[in-house]
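Keep in mind that this is a model prediction, so the values were computed, not measured.
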Amino acid sequence: MTARPCGPAPRRSVAAIAALSAGLAAFAPAAAAFTATLNPGTRAIYLRVGDGIYTGTYTGNGTPGNGGGIDVVSVTVPAAALGNGTDQVMTTTASSGVSNYDGYAFCNVPAQIYVGGFYRRSGAGGAASLTATVPAGLTNAQGESIAFSQISWTSSGNGDTGAQPIPAGTFQPGTQLLTSFPINTWRESCHTFRYANDAVVGAGTYTGRVTYTLSAP
């Protein structure tokens, strides 16, 4: 186990999992993407995308809740840049980037959306699946559409290096597998979204909703 100094809420690695860092580290090896191994216990599953509800923290024996509203990710493309193929970075309505695992300031809002949670139960073996249900496109009031595959995301977290537990990707219509949560693990990443801006489309506000689901057998 290694520990890294990172302000008022230091992270600690669990087993061979490296810890996150922020700012200057006085000691410790290079950080990796943050995951944590949980002690087996009562069967439970929790997912937060954006602003969720969690009383306290997991490490402080807190309690997960339901709700938190639906966060919006958006961008306004200037007319002069419309369809020029230059990615447009999107912003979010998220107000919290703090991890529910230990209270660490993990994501940078409103630029990023926090995606994380856990799957826990007694015993060993098995995993939960994180999926996204994606419509074919975003539509405006005139019925025009933009393919949802024009939206992609990168994945990071303050102090992280290496492969992310909830990796980068591009939305694809249908039910899309994003990653797996092995039994008795906490996994989290911060997603930054981009619009590819590959097509000239009609003026208007285009909307669509993606639903994230963490499910276990």
(request) Given side chain to side chain donor-acceptor pair (under 3.5 Å), test S149 with Q172 step by step and report yes or no. (result) CA-CA 5 Å; S149 57; Q172 301 296 337; 5.1 Å; no

Mind listing the side-chain donor-acceptor pairs of residues 200-217 below 3.5 Å, one per line with the distance, residues two or more places apart or on another chain?
from, atom 1, to, atom 2, distance (Å)
Y206, OH, N140, ND2, 3.1
Y206, OH, G202, N, 3.4
Y206, OH, G202, O, 2.7

(message) Restricting to side-chain contact (heavy atoms from CB on, under 4.5 Å), what partner residues turn up for P182, sequence neighbours left out?
(response) T185, R187

(message) Could you check whether any side-chain heavy atom of L47 comes within less than 4.5 Å of a side-chain heavy atom of V49, counting everything from C-beta outward?
(response) yes

(request) Check side-chain contact (heavy atoms from CB on, under 4.5 Å) between T92 and all other residues, then give those that pass, not counting sequence neighbours. (result) V73, A94, P110, I113

(request) Any pair with a residue in residues 126-152 that passes ring-ring contact (aromatic ring centres under 6.0 Å, His included), sequence neighbours left out, goes on the list, sorted by first then second residue, please. (result) F148-F171

(request) Step through it carefully: locate the ring centre of Y58, locate the ring centre of F118, and say whether they are under 6.0 Å apart. (result) yes

(request) Give the cluster check for Y114 versus W153: same hydrophobic cluster or not, with ILVMFWY residues linked at side-chain heavy-atom distances below 4.5 Å. (result) no

(request) Verify the distance criterion only: is there a donor paired with an acceptor across the side chains of N39 and N184 at less than 3.5 Å? (result) no

(request) Assign the ring pair Y104 / F106 to parallel, tilted or perpendicular, where the plane angle (0 to 90°) is split at 30° and 60°. (result) tilted

(request) Let me see the working for N84 and N197 under side chain to side chain donor-acceptor pair (under 3.5 Å), right down to the final yes or no. (result) CA-CA 6 Å; N84 69 3; N197 191 30; 3.0 Å; yes

(message) Using the side-chain contact (heavy atoms from CB on, under 4.5 Å) criterion, which residues pair with T175? Sequence neighbours excluded.
(response) T131, T133

(request) For T192, enumerate each residue passing the side-chain contact (heavy atoms from CB on, under 4.5 Å) test, keeping only those at least two apart in sequence or located in another chain. (result) V89, Q112, T154, R194

